[in-house]
Amino acid sequence: MAMIHKLPALGLVALLAACGGGGDNQTATTTTDTTTAAAAPAVPPAAPAAAPAAAPATGNVVEVHMVTTPDAASGHFEPANVTVKKGDTVRFITDGKTVHNVSFPAADNAGKTGLPPQPGPYLTTPNANYDVVASMEPGTYNFQCDPHSAMGMKGTLTVQP
Ligand SMILES: [Cu+2]
């Protein structure tokens, strides 16, 4: 009985030394077609300080409605006194029946810092709104509607820690 020893055929791997002329087969698939917007428009030297840009809303959003009186001569904030946590957003929403806005006059907020830097825009259409982020230090702040403050369209914002 012939024992057949299966000798493992050691395949001698012939290391073919690639002599010169190395073919780079790196298929560069990185398509650089992302056109980086290199043509940035020139920034005007002095940006007009007219349009106050509302800060993006953060935290909880608390709504305050601006309700016009039936004769459209004035209005009130509803609620007029609102309390939020620091970092919340107060969203002033108008009924659009006359012109309202929101401002935090420095004269009515003596010693306070971090007020919204300027009066909010005039809101003229139904559900137009303006966000104020309560990023100021805890305390109570006075706000008003500029067109109707003389008729009592005022409120307070209390910011809690
Ligand atoms: Cu008003």
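Computed over heavy atoms, backbone and side chain alike; hydrogens, waters and symmetry mates excluded. Remember, it's 1-based here, ligands and their atoms both numbered in the order they're listed.
Sorted by first and then second residue, the ring-ring contact (aromatic ring centres under 6.0 Å, His included) pairs with a member in residues 142-161 read F77-F143, F92-F143, H100-H148, F104-F143; sequence neighbours excluded.
Checking T156 against T140 by side-chain atom types alone, no donor-acceptor pair falls below 3.5 Å.
A side-chain donor-acceptor contact under 3.5 Å links T69 to the backbone of S74.
In this structure E63 satisfies the salt bridge (charged side-chain N to carboxylate O under 4.0 Å, His left out) test with no other residue, sequence neighbours excluded. For the side chain to side chain donor-acceptor pair (under 3.5 Å) test, residues two or more places apart in sequence or in another chain that qualify with K86 are E137.
Around the Cu ion (ligand 1), the protein atoms of type N, O or S that sit closer than 2.8 Å are H100 ND1, C145 SG, H148 ND1, M153 SD.
A pairwise comparison of heavy atoms in K85 and V159 identifies C-CG1, 4.4 Å as the closest pair.
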